[in-house]
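Numbers for residues simply follow the sequence, beginning at 1. Start at 1 and go down the list; that is how both ligands and their atoms are numbered.
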Amino acid sequence: MRALRLKPDADRRLRLGHLWVYANEFDGKLGTLGLTPGECVELVSAKSQSLGVAYVNPNVLIAGRLLGTPADGFDGGAWLRRRIDSALALRARLGVLEYGRLIFGESDGLPGLVVDRYGPVLSVQLGTAGMEALKPQISAALQSIAGVTALVWRNDAAGRELEGLERESTVAWGEVSEPVWIEENGARFGIAPLSGQKTGWFYDQRDNRAALMPFVGGARVLDLFSYGGGWGVCAAVHGATSALCVDSSASALASVERNAQASGVSAKLTILKDDAFDACKSLRDQSQRFDVVVVDPPAFIKRKKDAEQGALAYRRINEAALRLVADGGLIVSCSCSHHFSAEGLLDALNRAARSIGAHLRVIRRLAQSADHPIHPGMPETEYLKGFIAEVRR
Ligand code: SAH
């Protein structure tokens with residue numbers, strides 16, 4: 001294994017647990033060393049101390065990701081199995097071994113690897129050349145999880161191209177017939193591991209949906225950016241009188257209908273295919289009001305430079321949503337943009353409320369579910385935040 005030296009001070013972040021090395025933190029030009037993308041190297045500080053083993057890709061900004069100490073051994077799969085076992089032990093403890101995110105990349109010490117489980121089916125994302133190089137070992141290690149009969153590669157995220165990798169969405173082994181059914185918060189959801197958004201389901205909101213359920217009895221619920229109806233269908237199961245799911249995707253709404261039926265709440269569910277901003281406007285024109293409005297949009301801020309524009313979008317959608325909340329009702333407002341802090345979201349929410357003369361009382365702070373653990377040395381692993389607030393006029 002080759003040793004690569006870092007610039008002075010570049011080791012400071014790593015010593016605090018961070019796992020990434022940026023291209024400009026290497027001593028000398030990475031591109032001139034003839035490294036293969038995904039190759040394992042030993043990282044050495046400017047003072048010649050070993051920092052551990054990382055895989056590298058000279059063609060991307062996050063050029064190195066730390067895997068462990070040299071003693072760990074990265075080729076025989078033993079390291080991989082230890083890390084996977086540790087990830088599974090935590091999920092067993094959380095009670096989400098059958099339906100949940102089994103591996104959350106860097107937070108589980110497995111940089112670039114994400115695994116979601118839908119009962120017998122695993123949906124796996126390999127985000128980097130380093131993880132791609134371990135593909136056969138990953139496939140073999142995951143095959144030994146009890147009750148798992150199929151594995152899908154969901155290697156179609158945009159970042160793959162930067163890493164120099166093909167994009168694919170394929171069955172690696174076993175048989176997958178969609179939908180694959182999961183249970184969550186007392187409801188049933190049919191998942192499309194091969195063609196659904198991201199890996200197929202947003203488990204990161206599971207704990208937050210659970211936090212809302214005590215408040216939905218007798219409520220008229222509006223679920224904006226509903227995808228498969230995670231919030232709306234659950235609410236209907238937990239005693240809401242009606243739920244309207246709004247999404248711009250026809251296939252997402254088709255799954256809402258299927259999920260409502262499987263959960264026995266079809267009679268309470270309505271779907272609306274529309275842009276969420278436009279839908280809010282037309283609902284307002286019709287003088288419709290809801291007791292609970294959920295705002296769970298896709299990331300409006302994908303890169304740091306979109307921060308200002310994105311903050312405005314959060315403010316606008318929350319303002320439109322707040323106009324639809326009945327006096328004394330609740331708003332659930334979320335952001336999955338890493339570059340938007342909880343304080344930023346709260347500020348957007350407050351400004352939105354003030355601009356329409358509403359007053360908020362925050363009763364819950366929301367975060368990504370426990371099976372998306374946060375690495376305290378890596379702020380990048382924390383991305384989902386939200387609030388449940390009561391609305392008074
Ligand atoms: N609330 C969902 C996750 C939302 S993901 C859950 O709990 O599982 C974001 C969703 O927003 C996607 O389903 C996407 O189709 C939808 N979407 C994106 N832009 C939209 C827009 N402008 N109007 C309505 N829906 C939109």
Closest to atom 3 (C) of ligand 1 (heavy atoms only, candidates D296, V332, L253) is D296
- Message: Is there a polar contact between ligand 1 and W201, counting only N or O atoms under 3.5 Å apart?
- Response: no
Ligand 1 atoms nearer than 4.0 angstrom to some heavy atom of Q197 are 12 (C), 13 (O), 14 (C), 15 (O)
| said: Does the plane of the ring in Y383 sit parallel, tilted or perpendicular to the ring in F104? Use 30° and 60° as the thresholds. | reply: tilted
When distances are taken from atom 4 (C) of ligand 1, the protein heavy atom at minimum range is F225 O, 3.2 Å
Atom 15 (O) of ligand 1 has as its nearest protein heavy atom D247 OD1, 2.6 Å
If you compare C336, S251, A276, A299 by their heavy atoms, the one closest to atom 23 (N) of ligand 1 turns out to be A276
- Message: Closer than 4.0 angstrom, basic N to acidic O: yes or no for R315 and D347?
- Response: no
Can you tell whether the side chains of E25 and K7 come within less than 4.0 Å, N to carboxylate O? no
Do the charged groups of K135 and E168 touch, with an N to O distance under 4.0 Å?
yes
Heavy-atom nearest pair, R209 first then N185, reads CB-ND2, 3.7 Å
Heavy atoms of Y118 and W201 approach each other most closely as OH-N, 3.1 Å
- SB check R15 D11 (cutoff 4.0 Å): yes
Quick look: D274 vs ligand 1, heavy-atom contacts under 4.0 Å, and the answer is backbone
Is S249 close to ligand 1, meaning an N/O of one under 3.5 Å from an N/O of the other?
-> no
Exactly one of R101, R91, R206 clears salt bridge (Lys or Arg N to Asp or Glu O under 4.0 Å) with D371, and that residue is R206
Note: F202, heavy atoms under 4.0 Å from ligand 1, region reported as side chain
Q | Distance-only N or O hit between ligand 1 and A252, under 3.5 Å | A | no
So for A279 against ligand 1, with non-hydrogen atoms under 4.0 Å, the contacting part is neither
For P298, the atoms of ligand 1 under 4.0 Å from one of its heavy atoms are 9 (C), 11 (O), 18 (C), 19 (N)
Quick note on ligand 1: atoms under 4.0 Å from a heavy atom of W231 include exactly 1 (N), 7 (O)
query = Less than 3.5 Å between some nitrogen or oxygen of D275 and one of ligand 1, yes or no?
reply = yes
Nearest heavy-atom contact between R364 and F215 is NH2-CZ, 4.1 Å
Atom 20 (C) of ligand 1: closest protein heavy atom, distance to 0.1 Å, is S248 OG, 3.4 Å
- Indicate yes or no: does R160 engage D156 in a salt bridge with an N to O separation below 4.0 Å. no
Here the atoms of ligand 1 under 4.0 Å from any heavy atom belonging to R209 are 6 (C), 7 (O), 8 (O)
